[in-house]
Amino acid sequence: MRTLLLGRLAGVGWFIGALMAATLALGLVAIETSIQTQNYHQGLLDASSHNATFDYSRGQIEIERLARTIEGFEAGRTSRERLETAFAIVRTRVDTIPIVITGRPFRDAVAAREELAAACEDIEAVLPFIGRPEVARRMVGRLDDLASTFSRLSTLSNAVQGDLVAGWRERLADALADLGLTLRLLCGIGFVLLVVLFWQKLSFRRQAMTDPLTGLPNRASFREWSRRTAGAKEIAVAVVDVDLFKEVNDSCGHQHGDRLLCDLGTIFRAVTGRFGEVARIGGDEFALLFTGAGAQQHAERACAEAVRRLGAHDTRCCDERRSTLSIGIASVVNGDRSVESMLIDADSAMYSAKNSGGGRIVIASDEFRNDLEQRRLLQRDMASAVTRGEFETVFQPIVEVGSLRAHGFETLLRWDHPDLGRLSPDFFIPLAEETGAIVEIGRFVLDRALSIAASWPDPLTVSVNVSAVQLGDKAFVAHVRQSLLRHDVAPHRLILEITETVLIRNANAKTVLDELRALGVGIALDDFGTGYASMGYLRQYRFDKIKIDKSFVSTMVDEGKSAAIVRAICGLARDISATVVAEGIETEELLSLVGAAGCELGQGYLFARPMSALQTTLFIERQGWGSADAAPRMTIAAMA
């Protein structure tokens, strides 16, 4: 009996041991298969996201465009400038052709790159003679052959990528099949298997709903939050955008930009706390969601605290710029609006903050929405305002501080709207820049200013403000040249005033300014001291005039720092051979202070308010400015 019992126990023990061993083995197989599934899934994602085919197709298009441009140049239909631009694009492609596909060398791509490099060298050698028919035909033939090579390369790349994707898909399918078999074998220990599968599901979902850089929830998570808010009475949504984030990436590198986004993610987690949620919904955009009593107040406090913490945090870029935030907030207190519609309003408010210079918080109130609708109507009216003759140019004198003789006049723009009356440019110029209407308006202002300045005495200059959109217009320099010729105004009498924003928003600003300077046109840096990196731009660009912002001039009487800053700017301007213009001179005391600080020129209500063209002409005649026989010094009383 005892022996039988021991035998039975031994048999049960053996069975339990075998079962445990089998369970352990199957568990290890299941885990290994699960890991393989993840690896194959990642490999499939990596292979699917490879875009070498697009690069090769783009290279083919650029090569064919260069060939057609050469034919057009040889036939006289295309300019050399356009030819050189097309060639420069193709030459750049030499350094950007991908020679690996998902980490594997692509020999055909290496050969194609060498062939393209050789072709570029040959074309560059004969570029001065490319207009000759025999040279053009030879180069076009070679480029057409090269385009065929790239077409074949694109097809081959697509096939290689397809094979890679198919391979990863096959391996993933096999791994999933093995996993299924293992799961069926593990029916007896389903609890362990369910734990593993449940963990995997949570892991995949967490990856799908989480931003990989900041660790914050992503846009998909934000959509789910909006569904969870159904039935809530008070809801607030805030949209946050990092000002000039693209410029930060371009000038300081993507590593600095990524670090800034991670820092912001940490700040937003801290300021939302238990009252709200935060998600990264775009490249440099974040969304905050608050529900419950006092949702809008929580949103405003959280955003204000985020701005404060960012200001205290060391986010300086390589050029010492500090990052700022443009924030829009939309809220509802009766639950009658969806989160999606509130997100649209918050986004509009955010863009309003950004267009106002950034670093602001704008609430999407009913008044804001009405203003937004009015802005849309004004943008519609602006499209035909020039042809209807609603714009008017006025002029304000710029005088020599010492002699009070006129140096020139700045051109200012006014809009006489048929319904709203006279509008200030501070109001409608940003709207014109948003729609692109500023290009046509800017041409009108330049033509009008030059046509009026043509009747002034020769020494007097005319200044015209230029926006970032205008500077980005490819025909801008040509229009300036044509306007000067049409109105017979010497180029040195035209001064184009730009702000730092113009330089920041245009990557090719230096090229355009060099072309303008080659015409003989003067360049002035306007609103100096109010931007992010004025000193840096003085180092990169050459300016004939530096206009000190009126915020410094107007406080020279009360603040010793402002006077010291003005003196420092004047000393700096002398060192770089630039003339200083002090804006906002409204009293004789300020005139005396800017003169003592070293400012050569001044502008402000002390001398005259903006005047019409006729008033400006009478003003010049009355004062005798611009005449060689004019008195050496005028008095302020004589200007009245």
Side-chain angles (χ1 to χ4, degrees), residues 385-386 389-401 403-416 422-429 432 438 441-467 470 480 483-484 486-499 521-527 544-545 547-550 553 579 581-586 591 600-627 630 634 636 638-640:
V386 173
E390 296 176 2
F391 285 114
E392 178 189 0
T393 54
V394 293
F395 303 87
Q396 188 175 31
I398 301 173
V399 308
E400 297 174 0
V401 172
S403 65
L404 297 185
R405 288 168 55 85
H407 177 80
F409 291 84
E410 179 180 2
T411 308
L412 304 172
L413 184 64
R414 301 292 184 264
W415 182 9
D416 289 323
R422 173 157 289 197
L423 302 177
S424 167
D426 292 338
F427 176 72
F428 66 81
I429 289 297
I438 190 64
I441 295 173
R443 291 180 178 179
F444 161 78
V445 173
L446 180 64
D447 286 336
R448 178 67 175 165
L450 290 178
S451 67
I452 294 172
S455 63
W456 297 346
D458 182 63
L460 295 180
T461 63
V462 59
S463 300
V464 178
N465 291 282
V466 177
S467 76
Q470 286 178 268
V480 172
S483 296
L484 289 168
R486 182 166 56 252
H487 299 294
D488 193 23
V489 175
H492 71 271
R493 295 183 59 199
L494 174 62
I495 308 296
L496 296 180
E497 297 188 3
I498 61 174
T499 62
V521 172
I523 306 296
L525 180 60
D526 198 10
D527 298 335
D544 300 287
K545 288 184 174 63
K547 302 190 73 174
I548 303 177
D549 187 71
K550 61 183 178 182
V553 176
T579 303
V581 183
E583 297 182 301
I585 300 177
E586 298 184 1
L591 175 62
E600 297 99 326
L601 303 176
Q603 182 179 353
Y605 288 168
L606 177 65
F607 311 115
R609 290 180 175 271
M611 301 173 289
S612 66
L614 177 59
Q615 291 172 330
T616 302
T617 301
L618 295 176
F619 192 68
I620 294 172
E621 293 176 354
R622 184 169 66 250
Q623 302 302 332
W625 284 350
S627 170
M634 297 282 179
I636 298 298
M639 296 181 186

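When reading the values below, keep in mind they use all heavy atoms of this one structure, side chains included, and skip hydrogens, waters and symmetry mates.
- When all heavy atoms are compared, the tightest approach of T393 to F444 is CG2-CE2, 4.4 Å.
- The minimum heavy-atom distance linking L460 with G408 is given by the pair CD2-N, 4.2 Å.
- With rounding to the nearest 0.5 angstrom, the CZ atom of F395 is 14.0 Å from the CZ atom of F619.
- Of all non-hydrogen atoms in P425 and R414, the two that sit nearest each other are CD-NH1, 3.5 Å.
- Remark: S612 pairs with Q615 by the side chain to side chain donor-acceptor pair (under 3.5 Å) rule, at least two apart or across chains.
- Closest heavy-atom contact between G522 and D544: CA-OD2, 3.2 Å.
- Taking each heavy atom of P610 and Y605 in turn, the nearest pair found is CD-CE2, 4.0 Å.
- Going from atom CD1 of I441 over to atom CD of Q470 covers 9.0 Å, rounded to the nearest 0.5 Å.
- The distance from atom CD1 of I438 to atom OG of S467, rounded to the nearest 0.5 Å, is 4.5 Å.
- Here the side chains of F409 and I452 are not in contact, with every heavy-atom distance at 4.5 Å or above.
- At a threshold of 4.5 Å between non-hydrogen side-chain atoms, the residues L591 and L404 count as touching.
- Applying the salt bridge (Lys or Arg N to Asp or Glu O under 4.0 Å) definition to pairs two or more places apart or across chains, those involving residues 443-456 are R443-D473, D447-R486.
- Residues passing the side chain to side chain contact (heavy atoms under 4.5 Å, CB included) test with A454 are V489, sequence neighbours excluded.
- Partners of R422 by side chain to side chain donor-acceptor pair (under 3.5 Å), not counting sequence neighbours, listed by chain and number: E392, D416.
- In this structure the side chain of E400 reaches within 4.5 angstrom of the side chain of L601, judged on heavy atoms.
- Interatomic distance, CD1 of I398 versus OG of S463, reported as 4.0 Å (0.5 Å rounding).
- In this structure W415 satisfies the side chain to side chain donor-acceptor pair (under 3.5 Å) test together with E390, sequence neighbours excluded.
- Rounding to the nearest 0.5 Å places CG of L496 at 12.0 Å from CG of D526.
- In this structure the side chain of V553 never reaches within 4.5 angstrom of the side chain of E586, judged on heavy atoms.
- Once rounded to the nearest 0.5 Å, the distance linking CG of N465 with CD1 of I429 reads 8.5 Å.
- Remark: T461 pairs with H407, I495 by the side chain to side chain contact (heavy atoms under 4.5 Å, CB included) rule, at least two apart or across chains.
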**Prompt:** After noting the C-alpha distance and the side-chain angles of L446 and L494, does the key distance pass the side chain to side chain contact (heavy atoms under 4.5 Å, CB included) rule?
**Reply:** CA-CA 9 Å; L446 180 64; L494 174 62; 4.0 Å; yes

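- By the side chain to side chain contact (heavy atoms under 4.5 Å, CB included) test, S455 is found to be paired with no residue, residues two or more places apart in sequence or in another chain being considered.
- Residues F391 and A385 approach most closely at CE1-CB, 3.4 Å, considering heavy atoms.
- Looking at residues two or more places apart in sequence or on another chain, you find a side chain to side chain donor-acceptor pair (under 3.5 Å) between Q603 and Q396, E410, K547.
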